[in-house]
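Right, one structure below, let's go through it.
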There are 2 protein chains.
Amino acid sequence: MAAAIRTARERAREELTREIKKEARRQLAEEGAQRLSLRAVARELGMASSALYRYFPSRDDLLTALIIDAYNALGERAEHAVSTAPPGDPRAMWRALSGAVRSWAQQHPHEYALLYGTPVPGYAAPPETVAPAARVALALIEVLRAGADRVELATPVRPLRGILAEQVSALAAQVAPEVNAGVLSRGLVAWTQLFGMISFELFGHLVGSVTPADGFFAHTVEEMADFLGLPESTP
Amino acid sequence: MAAAIRTARERAREELTREIKKEARRQLAEEGAQRLSLRAVARELGMASSALYRYFPSRDDLLTALIIDAYNALGERAEHAVSTAPPGDPRAMWRALSGAVRSWAQQHPHEYALLYGTPVPGYAAPPETVAPAARVALALIEVLRAGADRVELATPVRPLRGILAEQVSALAAQVAPEVNAGVLSRGLVAWTQLFGMISFELFGHLVGSVTPADGFFAHTVEEMADFLGLPESTP
DNA sequence: GGCAAACGAGAGCACTGCTCTCGAAAGAGA
DNA sequence: TCTCTTTCGAGAGCAGTGCTCTCGTTTGCC
């Protein structure tokens, strides 16, 4: 097909684009998004800073590319964790998923901050980021589906009222018809809890002597599994 | 006392310091911390940018001052909410607390981001910020104390294991001896949930059609109250 | 009244994102 | 193979940033 025939110029462009993203990602990992500098990237690559604008029209565009890559990397890890967990054990799947998200965040703190931290003022996430961003959420949905037929809620879900009821049942119909709406709403709670914990831990915002370290994380993951009604693992 | 006798110079210095913080807070509220510029503040105040360094040795120091003020403002709102709620109704207190934190965050999104968003790389929170930062957490502890004698946990707390058990019981002994350690650990969960929800909502990071709007927030607050074992309000 | 500390203003340094222009290189069509 | 258009890299330049240094002035204490 025609796309396979690439001129030397096209190949050079793709490679240099990759090269730029690679160096930018390196600087991002070391210094954070705040200190990521186009000029420094260009300097490191031995090119004029103005030449870099042939590849990324602005700093925001370069950041967007990094964001998409990061969402995909995280999404892939999450999907892999869920798919390699014991298939019939939704609690183990949830454990694997939350652990994977947390460890990725710890290994790539600045990229995590780029995804789930303070948004850059004036920056609006372009639509290309939506699909990659949804992958992690879909992995959680997958866990809920795996446990859909044998959830044992220890506590009845508070009735969903008003718009929330419509939104949640619409979401359920759209993405996981076999999942009970009440369970799905608890999935949102678990989802929030997971990212809340990771953000607190990574950004160092939890006050006091109890840092949300391994112990708190593991404990809360189990409490959330109970909250979701995921059946106990049978070892 | 001697401190009351202030020279004209001291008074001018205090007033100008206040003036600088006020203008900085204005710019922070409009543009975010990222775009807060010392030169712009000086320009707006009709002074040379170098003169500003007589009052704040660096941009980080100015930010620190704003952070402390913000923590105190939020803490005050939280304390007020708890203290004006029906004294014998811990669930109402929890509702009031979470609502106060959320509405403050919505009214001061950039200041909230400064407190609970991505930390500025290279910036270490100085010890002066610890006490103001703890005020909100202490307000939550206050709620737990109010309900300490009649919590009705619908679900047994998973046993705390390892270091977590020590940390939590140490915290309990230190700050709220009458609060059960298991309940305290669930307080940490509720705390994380609260700030996770607010951050998701404010930073627009929750994926899909279910935005954590009023409905989801109110619903989750009640679910968390159940989770904490707070007795039902008797209207 | 003298003197040291505090202060305001200006110039300047090194850096940033971004634009514009100009000459060289590469690919497509004749 | 020879044009001709598009693409590209480099340099200069603009407006902005945090921060430092110097220099003359003002203020308050002894």
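Per chain, numbering begins at 1; letters A, B, ... match sequence-line order. No hydrogens, no waters, no symmetry mates; every other heavy atom, side chains included, goes into these values.
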**Item:** Salt-bridge present (A:Arg102, A:Glu201; N to O < 4.0 Å)
**Value:** yes
**Message:** If the cut-off is 4.0 Å, is A:Tyr53 near the phosphate of D:dC8, judged by side-chain N/O to OP1 or OP2?
**Reply:** no
**Message:** Whether A:Arg11 and A:Glu14 form a salt bridge (side-chain N of Lys/Arg under 4.0 Å from carboxylate O of Asp/Glu) is what I want to check.
**Reply:** no
**Prompt:** Any salt bridge between B:Arg186 and A:Glu223, counting N to O under 4.0 Å?
**Reply:** yes
**First of B:Ser58 and B:Arg54 reached from the 5' end of DNA chain D, by closest nucleotide** = B:Ser58
**Request:** Mark yes or no for a side-chain to base donor-acceptor pair under 3.5 Å between A:Ser50 and D:dG11, with no hydrogen or angle criteria applied.
**Result:** yes
**Message:** Please determine whether a side-chain nitrogen or oxygen atom of A:Arg13 lies at a distance below 4.0 Å from atom OP1 or OP2 of D:dC8.
**Reply:** yes
**Request:** May I have the distance from B:Asp61 (atom CG) to D:dG18 (atom P), rounded to whole angstrom?
**Result:** 13 Å
**Asked** Could you state the CG-P distance from A:Leu62 to C:dT16, rounded to the nearest angstrom?
**Response** 14 Å
**Request:** State plainly whether the residues A:Arg26 and A:Glu23 are in salt-bridge range, i.e. N to O under 4.0 Å.
**Result:** yes
**Message:** Checking contacts here: which listed nucleotide (D:dG28, C:dG27, C:dG8) is nearest the side-chain heavy atoms of B:Ala8?
**Reply:** D:dG28
**Prompt:** Within this structure, what is the CD-to-P distance between A:Glu14 and D:dT7, rounded to whole angstrom?
**Reply:** 15 Å
**Asked** Under a 4.0 Å N-O cut-off, is there an ion pair linking B:Glu111 with B:Arg25?
**Response** no
**Asked** Can you check the A:Arg9 CZ to C:dA25 C1' distance for me, whole Å?
**Response** 7 Å
**Asked** Rounded to whole angstroms, how far apart are CG on B:Leu52 and C1' on D:dT20?
**Response** 15 Å
**Nearest-angstrom distance from the residue atom CG of B:Leu16 to P of C:dC7** = 10 Å
**Heavy-atom side-chain proximity of A:Leu66 to A:Leu36 below 4.5 angstrom** = yes
**Prompt:** Is B:Tyr55 near enough to C:dG8 that one of its side-chain N or O atoms lies under 4.0 angstrom from OP1 or OP2?
**Reply:** yes
**Asked** So which of residues 24-49 of chain B are in contact with DNA chain C, with a heavy-atom cut-off of under 4.0 Å?
**Response** B:Arg39, B:Met47, B:Ala48
**Any donor-acceptor N/O pair, A:Thr118 side chain to B:Thr118 backbone, under 3.5 Å** = yes
**Request:** Round to the nearest Å and state the distance from A:Arg11 atom CZ to C:dG27 atom C1'.
**Result:** 13 Å
